[in-house]
Amino acid sequence: MDSLNPEEENKKRKVIMPPTTPYAGKFSTCTSYSNNNNHPQPQSPYRSSTAPKPTKENIYNCAYSTAENPYNIPQPHSSYRSCSVSSATTKEHHYKSSGAASENPYSSPQPHSPRQHSTSCPGRAYRHTTSSSSGSEQSCRNNVPVAKARQYGHGIIASYGEMCYHDNSLVSASLEALIQHLVPTVDYYPDRSYVFTFLLSSRLFLHPYELMTRVCHLCVEQQRSGDALLDKIRFREVAPKLVQLLTEWTETFPYDFRDERMMRCLKDMTHHVARGDEYSWRAMQQMTQRLIKRLSALGQYEEAVAALNAVASERPASLKSKQASGQRNDILSVCDDPFILAQQLTHIELDRLSFIGPEEFIQTFAMKDPLENHKGFFRKRKTSNLEAYVNWFNRLSYLVATEICMPMKKKHRARIIEFFIDVSQECFNIGNFNSLMAIITGMNMSPVSRLKKTWSKVNTDKFEILEHQMDPSSNFSNYRTALRGATQRSETAHSSQEKIVIPFFSLLIKDIYFLNEGCASRLPNGHINFEKLWELAKQVSEFLVWRQVVCPFDRDRRILQYLVTTPVFSEDELHLASYESEGPENNMEKDSRRSLRSSLLHRENRS
């Protein structure tokens with residue numbers, strides 16, 4: 001009897017193939033990923049397809065109500081929903097994908113995620129492997145999985161071995177199954193959104209070095225047949241896809257490779273690939289060169305930030321003497337144009353955002369590395385760039401307060417307050433919400449807010465509008481509305497300036513933290529709650545889009561130097577400067593001023 005080809009054999013056996021990700025079964029062809037413009041791109045689920053080109057309203061002219069969008073564009077229905085812990089009551093994730101062809105699988109990929117287009121094979125092909133694997137891996141790798149499906153509510157819940165789906169969306173799986181699902185074969189490559197999601201959040205369960213070691217080991221071992229020549233041929237066929245996976249890893253999560261163990265593993269795989277496929281070996285060489293270049297740039301950035309912080313840590317020479325005040329430059333002597341200063345602040349924000357790795361959001365609450373004391377060239381704190389960005393926010397707030405409290409004359413202080421109000425308004429118009437919030441925070445610090453005589457000389461109408469936009473009530477609902485407007489403007493932008501979206505960073509971290517804390521990482525059956533991982537990836541992927549914007553404004557190095565290096569007052573020094581500007585109003589403030597003078601004088605004598 002004639003043998004059937006694999007497709008006819010599958011039809012005869014009526015095998016149900018498990019989908020890969022939430023997009024499985026929605027496309028008729030299976031193609032490799034790229035950004036081929038010949039393929040229609042799907043509409044984003046995060047904005048209305050009929051939304052007009054957004055326009056900005058000038059907040060000089062009007063205020064906004066609580067529910068009003070300052071960008072004057074229709075509001076989309078929110079696709080964000082809270083994550084459910086139960087694997088039985090899951091929801092469908094609204095992630096899209098598109099198929100496209102790519103001639104060069106080694107081109108540097110842009111970071112992909114659930115929020116971006118997925119372009120991998122929608123159906124998991126039958127994976128021909130040997131019987132050399134362990135039991136748990138065997139069920140996922142060698143056997144055609146048998147689907148167990150049942151109707152629940154308005155959707156179908158199905159299980160394929162150790163992976164559970166709801167309406168073709170992966171909702172839970174064992175850690176071993178998820179690792180195996182990441183391993184490419186000759187006829188299978190994992191969906192790019194799955195790659196991003198699992199590489200991002202797998203560090204909640206195991207170290208990136210351990211994951212890379214296991215993936216590379218499985219990829220090599222499943223090609224072994226006992227025949228050396230056949231093994232070489234089979235590995236040559238899978239090598240391009242392994243290189244493709246490692247390229248995505250190094251391009252999207254390059255900071256993982258600051259661990260010398262990761263670099264050693266990458267070097268070992270390069271030697272292994274070199275024995276089988278010269279083209280793949282060259283691609284590995286190019287990938288490694290790009291990685292080293294990125295890590296070198298990161299090292300230089302961190303050294304520069306450390307040097308700037310050292311200069312900025314110098315204390316102002318003297319507190320509030322007229323001579324010192326006259327000798328010290330203030331912000332108005334450096335830049336008296338609010339729009340220019342807002343542009344320079346945006347430069348600093350985007351520069352520092354660009355060096356934050358997406359994994360840093362997860363590593364703030366990831367499992368402690370048992371080998372964190374492992375010493376080596378690539379050893380660095382895992383969240384150092386995220387922390388440096390938060391420190392920049394604090395510095396800007398204290399800089400604003402220092403600039404206001406420093407001048408001796410009330411008229412000069414009022415002028416600086418009005419200047420910073422104009423700067424914050426320009427930041428709002430640009431989409432720089434982080435600098436906006438830092439300036440508002442600095443102006444609301446108690447040493448500044450107590451200057452009642454100074455504030456009486458200021459027109460506060462514009463400031464009250466800005467405070468309304470950043471009002472923390474109702475979980476920052478006004479700010480979130482403005483952020484959605486800025487995001488939609490960015491997605492339909494016709495200029496590089498309209499693409500800028502810089503979120504209030506501390507709130508972004510808080511959102512991700514509470515998403516992690518409010519959702520169990522593991523279900524009662526021991527499975528990984530992959531719904532939670534989808535949601536984490538969706539939030540972090542938005543940050544990746546914002547991070548990639550190149551600042552279109554001209555740099556003014558004199559202003560930039562002043563912003564990042566000029567010394568600022570500590571909290572105690574701010575209070576004392578405030579009392580020197582406007583004297584104490586009651587006995588409590590008098591006692592506070594006396595105590596501050598004594599303690600600061602003591603510190604100066606000790607130093």
Side-chain angles (χ1 to χ4, degrees), residues 44-48 51-52 54-57 59 62-83 91 93-95 113-115 346 349-350 353 356 358 361 386 389-390 393 424-441 444 463-493 498-519 532 534-547 549:
S44 169
Y46 298 89
R47 58 186 170 93
S48 170
T55 58
K56 295 184 297 181
E57 293 181 354
I59 67 170
C62 62
Y64 313 115
S65 62
T66 301
E68 191 174 358
N69 182 351
Y71 288 90
N72 194 29
I73 53 180
Q75 288 304 296
H77 294 290
S78 174
S79 60
Y80 178 83
R81 288 174 285 178
S82 59
C83 184
K91 60 183 178 297
H93 293 266
H94 298 268
Y95 305 143
S113 66
R115 194 180 188 278
T346 303
E349 299 279 356
L350 289 175
L353 272 181
I356 299 176
F361 292 98
L386 187 149
Y389 190 62
V390 173
F393 177 95
S424 60
Q425 178 232 317
E426 295 296 346
C427 287
F428 178 88
N429 291 337
I430 290 173
N432 182 356
F433 297 103
N434 200 57
S435 291
L436 165 63
M437 192 62 181
I439 294 172
I440 292 176
T441 301
N444 279 314
F463 185 62
E464 290 170 359
I465 294 172
L466 292 165
E467 282 190 308
H468 175 73
Q469 286 300 319
M470 305 305 290
D471 185 357
S473 63
S474 301
N475 194 20
F476 287 89
S477 60
N478 294 347
Y479 157 72
R480 294 183 191 277
T481 299
L483 181 64
R484 285 195 299 269
T487 301
Q488 290 186 345
R489 180 189 66 178
S490 176
E491 291 172 347
T492 59
E498 290 180 338
K499 294 181 180 180
I500 297 173
V501 181
I502 303 174
F504 174 28
F505 198 68
S506 295
L507 185 60
L508 175 62
I509 296 174
K510 176 184 173 184
D511 288 344
I512 295 175
Y513 173 81
F514 280 108
L515 174 58
N516 177 70
E517 292 297 310
C519 254
K532 171 182 174 177
W534 286 128
E535 294 292 347
L536 287 171
K538 184 172 72 173
Q539 292 212 12
V540 174
S541 67
E542 253 189 338
F543 161 78
L544 291 182
V545 175
W546 298 331
R547 187 188 70 167
V549 174

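All values derive from a computational prediction rather than experimental measurement.
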Quiz item: For Asn478 and His468, which heavy atoms make the closest approach, and how far apart are they?
Solution: ND2-O, 2.8 Å

Quiz item: So which heavy atom on Leu436 is nearest to which on Ser424, and how close?
Solution: CD1-O, 3.4 Å

Quiz prompt | Non-neighbouring partners of Ser435 that pass side-chain hydrogen bond (donor to acceptor under 3.5 Å, both in side chains), sequence neighbours left out | solution = Glu349, Asn432

Quiz item: Are Ile439 and Leu466 side-chain neighbours, meaning at least one heavy-atom pair lies under 4.5 Å?
Solution: no

Practice problem: Return yes if some donor-acceptor pair links the side-chain N/O of Asn434 with the main-chain N/O of Ile502 below 3.5 Å, else return no. | Solution: no

Practice problem: Measure from the ring center of Phe361 to the ring center of Phe505 and say whether it is less than 6.0 Å. | Solution: yes

Quiz item: Only one of Thr487, Leu353, Ile500 forms a side chain to side chain contact (heavy atoms under 4.5 Å, CB included) with Trp546, so which one is it?
Solution: Thr487

Self-check item: Donor-acceptor under 3.5 Å (Ser490 side chain, Ala486 main chain)
Solution: no

Exercise. Please examine the side chains of Gln469 and Thr481, heavy atoms only from C-beta on, and report whether any two atoms are closer than 4.5 Å.
Key: no

Quiz item: Residues in side-chain hydrogen bond (donor to acceptor under 3.5 Å, both in side chains) with Ser473, at least two apart?
Solution: Asp471

Quiz item: Rounded to the nearest 0.5 Å, how far apart are CE of Met437 and OG1 of Thr441?
Solution: 4.5 Å

Self-check item: Within-4.5 Å side-chain heavy-atom neighbours: Phe463 and Asn444
Solution: yes

Quiz item: What's the verdict on side chain to side chain contact (heavy atoms under 4.5 Å, CB included) for Arg480 and Asn475, showing C-alpha distance, side-chain angles and the deciding distance?
Solution: CA-CA 9 Å; Arg480 294 183 191 277; Asn475 194 20; 3.2 Å; yes

Quiz item: Ion pair present between Glu535 and Lys538, side-chain N to carboxylate O less than 4.0 angstrom?
Solution: yes

Quiz prompt | Set of residues satisfying side-chain hydrogen bond (donor to acceptor under 3.5 Å, both in side chains) with respect to Tyr479, sequence neighbours excluded | solution = none

Quiz item: What heavy-atom pair brings Asn429 and Arg489 nearest, and what distance separates the two atoms?
Solution: O-NH1, 3.0 Å

Practice problem: Report yes if some heavy atom in the side chain of Phe433 is under 4.5 Å from a heavy atom in the side chain of Leu507; otherwise report no. | Solution: no

Quiz item: So, do Val501 and Val549 sit near enough that their side-chain heavy atoms are less than 4.5 Å apart?
Solution: no

Quiz prompt | Phe476: partners by ring-ring contact (aromatic ring centres under 6.0 Å, His included), with sequence neighbours left out | solution = Phe504

